[in-house]
Amino acid sequence: MTTFPEHFLWGGAIAANQVEGAFDADHKGLSTADLLPHGILNPHQEKAERTPGIKDLAIDFYHRYPEDIALMAEMGFSCFRLSIAWTRIFPQGDEAEPNEAGLAFYDRIFDELAKYNIQPMVTLSHYEMPYGLVEKFGGWQSREVIALFERYAKTVFTRYADKVKLWLTFNEINMSLHAPFTGVGLPESASEQAIYQAIHYQLVASAKAVQLCHEIVPDGKIGNMLLGAMTYPLTCQPDDVIAAMHENNQWLFFGDVQARGRYPGYMLRYFRDQGIRIDMAPGDLETLAAASVDFISFSYYASACASADPKQKEVGNIVASVSNPYLEKSEWGWQIDPKGLRVILNFLYDRYQKPLFIVENGLGAKDELNAAGEIIDDYRIAYLKAHLIQAREAVLDGVELMGYTSWGPIDLVSNSTAEMSKRYGFIYVDRDDHGEGTLTRKRKKSFYWYQDVIRTHGASLD
Ligand code: BGP
């Protein structure tokens with residue numbers, strides 16, 4: 001029996017800076033992502049030192065999107081999550097008028113998707129902002145960036161009101177705490193005070209975007225986007241349980257503001273204890289209160305553990321956490337926990353009572369071509385299948401789930417390390433970490449597996 005809801009959306013998710021390439025084409029400005037040629041794990045570069053990187057061409061989606069979208073359609077996608085590069089629309093971030101060439105590019109993409117009845121879901125800002133705003137205003141540490149983001153959001157809502165009905169504000173908004181340059185355009189050495197101030201402005205901007213979307217896009221729905229960092233206590237020792245509660249609050253804080261419209265008590269306490277003072281203008285709290293998101297979206301790759309014992313902490317990918325002894329790790333050290341997906345779905349639904357959308361999930365792995373030139377990626381199929389089964393369990397538990405977009409349906413440049421060899425795709429792209437390769441696309445075994453899952457609306461998972 002298939003239990004996915006009738007209008008459940010199936011698809012995949014990408015981000016502009018990890019696929020498009022064409023980093024300076026058609027008047028595009030430099031973004032913070034363009035300043036991280038080695039990924040967000042190897043952060044902050046000054047513009048003067050900008051070195052070319054693999055993302056400059058990425059997988060050349062900018063020119064090859066018709067072929068790529070046709071392949072998504074062949075898998076049966078009903079939804080495709082992508083982001084707009086803010087710097088294609090406002091190259092420096094503060095121009096009075098948008099860049100028509102950038103707007104026209106996304107028109108072409110949305111028209112191509114419409115040909116196949118694929119619904120776009122668009123992230124306004126996926127780990128990038130105009131570098132011009134970093135130079136001029138120090139990124140999100142300045143309140144002025146709110147109005148510039150509003151101008152950008154208003155421009156794209158107005159332009160695409162008939163073509164795009166599903167929107168997300170900031171990708172993994174909670175990551176600013178761990179990668180401030182990527183999240184809010186602040187140096188990695190920024191103080192907690194500065195980061196939380198920038199986050200406040202970004203949360204206000206997110207709320208303004210929610211309001212604008214409701215005003216401008218008929219039948220539009222807009223969600224937030226969290227890195228779903230589900231953390232378990234390492235043991236049942238109450239101090240470990242409290243440690244896990246604190247870790248979870250770090251990311252839930254963002255969801256609480258975006259869904260409940262106010263700063264939670266545990267955060268106000270944290271600010272008091274740490275001596276953090278947030279500058280709020282009159283009207284900020286009203287803006288937050290007036291703009292609850294329509295749905296909660298999140299990425300889910302792994303779970304983590306927390307311990308009261310600081311010696312337990314290991315260095316993780318971007319976020320340091322404690323290993324779970326019961327789970328296996330991916331080649332990149334991410335702990336694989338399909339049941340954690342059921343846990344987080346129930347947890348978020350219980351907390352917010354709003355529809356949920358899994359907008360990223362997948363396995364980054366090395367793929368080899370066999371003698372026949374095929375890619376038999378059974379490990380990827382096993383990962384995705386186990387997670388989809390748990391998503392279905394959550395639906396059975398009563399969770400309202402709108403859809404599932406796997407991360408990187410086509411191989412793309414990794415965000416944390418800017419590697420091509422960390423592949424997530426159903427579609428292989430011939431390009432290596434040194435930028436060598438023909439960029440030819442090839443269907444992997446998982447391509448046919450996912451096609452079957454979508455065709456049977458999940459029944460083939462049994
Ligand atoms: C999320 C980001 C994505 C994506 C994914 C996988 O955090 O939203 O942009 O890249 O993680 O991470 P990575 O590319 O580092 O493997």
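First listed ligand is number 1; within each ligand, the first listed atom is number 1.
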Would you check if the side chain of Tyr106 reaches a backbone N or O of Ala85 as a donor-acceptor pair within less than 3.5 Å?
yes
Candidate pair Asp56 and Arg50, rule salt bridge (Lys or Arg N to Asp or Glu O under 4.0 Å), full reasoning
CA-CA 11 Å; Asp56 296 356; Arg50 195 193 110 82; 2.8 Å; yes
Give a yes or no on whether the ring-centroid distance for Phe149 and Phe170 is below 6.0 angstrom.
yes
Looking at Tyr301, which atoms of ligand 1 are within less than 4.0 Å of one of its heavy atoms?
5 (C), 6 (C), 11 (O)
Met175, portion touching ligand 1 at heavy-atom distance under 4.0 Å:
neither
If you count the atoms of ligand 1 from 1 in the order shown, which ones are under 4.0 Å from a heavy atom of His126?
2 (C), 3 (C), 8 (O), 9 (O)
Atoms of ligand 1 under 4.0 Å from any heavy atom of Lys422, numbered from 1 in the order shown, are 13 (P), 15 (O), 16 (O)
Between Asp94 and Arg151, does any NZ, NE, NH1 or NH2 come within less than 4.0 Å of an OD or OE carboxylate oxygen?
no
Go through ligand 1 atom by atom and flag the ones less than 4.0 Å from a non-hydrogen atom of Tyr424.
6 (C), 12 (O), 13 (P), 16 (O)
For ligand 1, the portion of Thr417 having any non-hydrogen atom under 4.0 Å away
neither
Heavy-atom gap Leu227 to ligand 1 smaller than 4.0 Å:
no
Hey, is Asp107 close enough to Lys163 for a salt bridge, meaning N to O under 4.0 Å?
yes
One residue to check: Ser414. Relative to ligand 1, which of side chain, backbone, both or neither has a non-hydrogen atom less than 4.0 Å away?
both
Within ligand 1, which atoms have a heavy atom of Trp334 less than 4.0 Å away?
6 (C), 12 (O), 16 (O)
If you measure only the distance, is there a donor-acceptor pair under 3.5 Å linking the side chains of Asp26 and Tyr62?
yes
I'd like to know if Asp411 pairs up with Lys444 as an ion pair, taking the criterion as any Lys NZ or Arg NE/NH1/NH2 lying under 4.0 Å from an Asp or Glu carboxylate oxygen.
yes
